[in-house]
Undergrad: 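Here it is, the structure in full.
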Amino acid sequence: MFWSDLGPHVGYEAIGLVDSTLPTVGIWAHKDKSQSEINTDPTEKEKYEQGIVFYMDQNKVVGVLTWNIFGKIPIARQVIASGEEQQDFGLLAKQFDIHTKH
């Protein structure tokens with residue numbers, strides 16, 4: 001596990017295999033929580049303040065990075081340890097409560 005505070009309003013926590021060569025799935029909270037979605041377009045210029053990135057290997061989560069969401073490492077540990085193949089990342093992200101201002 002590692003973390004960093006990058007400024008007074010920006011920080012992250014991460015656990016597991018957080019490797020830039022792995023495929024990722026990012027879920028980011030819009031200010032209007034009814035608009036939250038899985039962001040699959042890296043060119044989209046939307047401003048996201050908090051979210052979660054799942055690092056994948058063979059459809060299994062092997063690493064988790066939370067951006068401006070704190071204290072969720074125990075949940076991330078459980079997700080990684082389960083070793084289950086993941087299909088519904090929106091449902092998975094709900095465990096991390098990405099819409100609450102942290």
Side-chain angles (χ1 to χ4, degrees):
M1 186 223 162
F2 60 96
W3 60 272
S4 182
D5 291 326
L6 303 173
H9 304 290
V10 179
Y12 66 86
E13 296 179 344
I15 190 166
L17 187 56
V18 180
D19 182 336
S20 64
T21 65
L22 291 173
T24 60
V25 176
I27 300 179
W28 298 90
H30 285 263
K31 289 184 180 189
D32 175 5
K33 68 180 178 178
S34 68
Q35 297 277 329
S36 289
E37 61 187 37
I38 296 175
N39 180 19
T40 57
D41 183 1
T43 63
E44 189 175 316
K45 299 298 182 198
E46 187 72 36
K47 181 179 179 184
Y48 297 98
E49 294 182 359
Q50 59 189 38
I52 186 164
V53 179
F54 298 104
Y55 289 78
M56 307 300 297
D57 188 15
Q58 310 267 328
N59 292 327
K60 297 176 184 174
V61 175
V62 295
V64 176
L65 180 138
T66 61
W67 187 263
N68 285 340
I69 299 172
F70 304 100
K72 302 298 182 179
I73 291 300
I75 297 169
R77 257 191 201 106
Q78 291 174 347
V79 169
I80 294 167
S82 77
E84 296 176 5
E85 288 193 12
Q86 299 296 329
Q87 303 294 324
D88 188 346
F89 291 96
L91 185 60
L92 185 61
K94 284 183 181 182
Q95 297 178 53
F96 293 86
D97 192 22
I98 67 171
H99 297 291
T100 301
K101 191 72 173 168
H102 297 271

Undergrad: Out of curiosity, Ile98 CD1 to Asn68 CG, how far, rounded to the nearest 0.5 Å?
TA: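 If we round to the nearest 0.5 Å, Ile98:CD1 and Asn68:CG are 12.0 Å apart.
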Undergrad: Identify which one of Ile73, Val79, Ile80 satisfies the side-chain contact (heavy atoms from CB on, under 4.5 Å) criterion when paired with Arg77.
TA: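 Per the side-chain contact (heavy atoms from CB on, under 4.5 Å) rule, the option paired with Arg77 is Ile73, out of Ile73, Val79, Ile80.
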Undergrad: Hey, are the side chains of Asp19 and Asp57 touching, using non-hydrogen atoms and a 4.5 Å cut-off?
TA: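 Answer no - side chains too far apart.
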Undergrad: Asn59 side chain to Gln86 main-chain N or O, any donor-acceptor pair under 3.5 Å?
TA: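 Pair absent, no side-chain N/O of Asn59 close to backbone of Gln86.
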Undergrad: Can you list the steps and then say if Leu92 with Val61 is a side chain to side chain contact (heavy atoms under 4.5 Å, CB included)?
TA: CA-CA 10 Å; Leu92 185 61; Val61 175; 4.0 Å; yes
Undergrad: Ignoring hydrogens, what is the shortest heavy-atom contact between Ile52 and Ala93? Give both atom names and the distance.
TA: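 Reported closest heavy-atom pair: CG2-CB, 4.2 Å.
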Undergrad: Are any non-hydrogen side-chain atoms of Glu13 and Leu65 less than 4.5 angstrom apart?
TA: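 The answer is no, as the side chains (C-beta and beyond) never meet within the 4.5 Å cut-off.
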Undergrad: Please give me the minimum heavy-atom distance between Phe70 and Tyr12, naming the atom from each residue.
TA: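 Shortest heavy-atom contact: CE2-N, 4.2 Å.
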Undergrad: Hey, mind stepping through Trp67 and Val10 against side chain to side chain contact (heavy atoms under 4.5 Å, CB included) and telling me if it holds?
TA: CA-CA 8 Å; Trp67 187 263; Val10 179; 3.3 Å; yes
Undergrad: Which heavy-atom pair separates Ile27 from Gly90 by the least distance, and what is that distance?
TA: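 Result for this residue pair: CD1-N, 3.9 Å.
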Undergrad: How about CD on Gln58, more than 12 heavy atoms from neighbouring residues, nucleotides or ligands closer than 6.0 Å, or not?
TA: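 It does not: Gln58 CD has 12 such atoms or fewer within range.
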Undergrad: Rounded to the nearest 0.5 Å, what separates atom OG1 in Thr66 from atom NZ in Lys72?
TA: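 That separation rounds to 9.5 Å.
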Undergrad: Can you see which heavy atom on Val62 is nearest to which on Leu22, and at what distance?
TA: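 It is CG2-CD1, 3.7 Å.
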Undergrad: Given Tyr55, which partner from the list Thr21, Val18, Ile15, Leu17 fulfils the side-chain contact (heavy atoms from CB on, under 4.5 Å) test?
TA: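 Answer after filtering Thr21, Val18, Ile15, Leu17: Val18.
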Undergrad: Between the side chain of Gln50 and the main-chain N/O of Ala29, is any donor-acceptor distance below 3.5 Å?
TA: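 Pair absent, no side-chain N/O of Gln50 close to backbone of Ala29.
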